[in-house]
Amino acid sequence: MRKYWLIKSEPSELSIDDMVTLPNQTIEWFGIRNYQARNFMLNEMQEGDLALFWHSSCKEPGIYGIVSVVGQAHPDSHQFDVKSKYFDAKAKPDKPIWWCVDFKYIEKTKFISIKELRLYPELAKLQVLKKGNRLSISRISENEWVFIQKLLKNSV
DNA sequence: GCCAACGTTGGC
DNA sequence: GCCAACGTTGGC
């Protein structure tokens, strides 16, 4: 069964507009160095899962688009790259520590700000709205997903 | 730029 | 295995 996710990205690093310009409009989600987020990608994500694309650490945090999971989890290539800031000396090619999936651009949506999302009781449990939230990948329930799709279609 | 919240590290 | 110290995240 398809699962739903929310992935955060700093637009100064990778924005939804950047996604459009990528080869195959697809990118390896490298650089995740948090075990909870890694485990989502390694153990739970499947081809075809959908994710909200969130801009964080920016002027207008919120939902900007939708992407989908492509293929399966694979070792994060940057952990072996000495020149990368995501290099991890403890990781070896035959024993990777960090795993990730690839994400493909689906659509750029209407922008929904974090401020607006906080208004809806239906979304009160969203991880991304919780105080002190730092998790860069989180689960979205089907009900939450459906509700947000309605928001995006202006039908709430 | 501030600062609360969180995950990770490392000494014991 | 505890827990204080530290570095980072990210909304405001």
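Letters A, B, ... are given to chains in the order of the sequence lines, protein chains preceding strands, and every chain is numbered from 1.
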Under the salt bridge (charged side-chain N to carboxylate O under 4.0 Å, His left out) rule, what do R33(A) and D76(A) come out as? Steps first, then yes or no, please. CA-CA 10 Å; R33(A) 294 294 177 267; D76(A) 179 333; 2.9 Å; yes

Counting only side-chain nitrogens and oxygens, does W54(A) get under 4.0 Å of the OP1 or OP2 atom of dT9(C)? no

With the side chain of N34(A) defined as its heavy atoms from C-beta on, choose the nearest nucleotide among dG10(C), dG7(B), dC12(C). dG7(B)

Starting at atom CG of N133(A), determine the distance to atom P of dG11(C), rounded to an integer number of angstrom. 8 Å

With the side chain of P61(A) defined as its heavy atoms from C-beta on, choose the nearest nucleotide among dG7(B), dA5(B), dG11(C). dG11(C)

Value in whole Å for how far the C1' atom of dT9(C) lies from CD1 of I7(A): 17 Å

Nearest whole angstrom, please: distance from the C1' of dT9(C) to the CZ of R33(A). 16 Å

Rounded distance (Å) that lies between atom P of dG11(C) and atom CD of E116(A): 16 Å

For Q127(A) and dG11(C), what is the distance between atoms CD and P respectively, to the nearest whole Å? 13 Å

Mind calculating the distance between CD1 (I32(A)) and P (dG7(B)) to the nearest angstrom? 15 Å

Tell me the interatomic distance from K130(A), atom NZ, to dA4(B), atom C1', rounded to whole angstroms. 17 Å

Could you measure the distance from the CZ atom of R38(A) to the CD1 atom of I137(A)? Nearest 0.5 Å is fine. 11.5 Å

Compare the minimum distances between each of dG7(B), dT8(B), dG10(C) and the side chain of Q36(A), then state the nucleotide with the smallest one. dG7(B)

Ignoring backbone atoms, establish whether K8(A) has a side-chain N or O less than 4.0 Å from OP1 or OP2 of dG10(C). yes

Per atom distances to the S57(A) side chain, the nearest of dG10(C), dC12(C), dT8(B) is dG10(C)

Check whether K110(A) reaches the backbone of L151(A) with its side chain - one donor and one acceptor, N or O, closer than 3.5 Å. yes

Whether N24(A) side chain and T26(A) backbone form a donor-acceptor pair below 3.5 Å: no

Should R118(A) be listed as having a side-chain N or O under 4.0 Å from OP1 or OP2 of dC12(C)? yes

Using the six-membered ring wherever Trp is involved, compare the ring planes of F30(A) and H78(A) and label them parallel, tilted or perpendicular (cut-offs 30° and 60°). parallel

Please state how far atom CG in L135(A) lies from atom P in dG10(C), giving the value in whole angstrom units. 9 Å

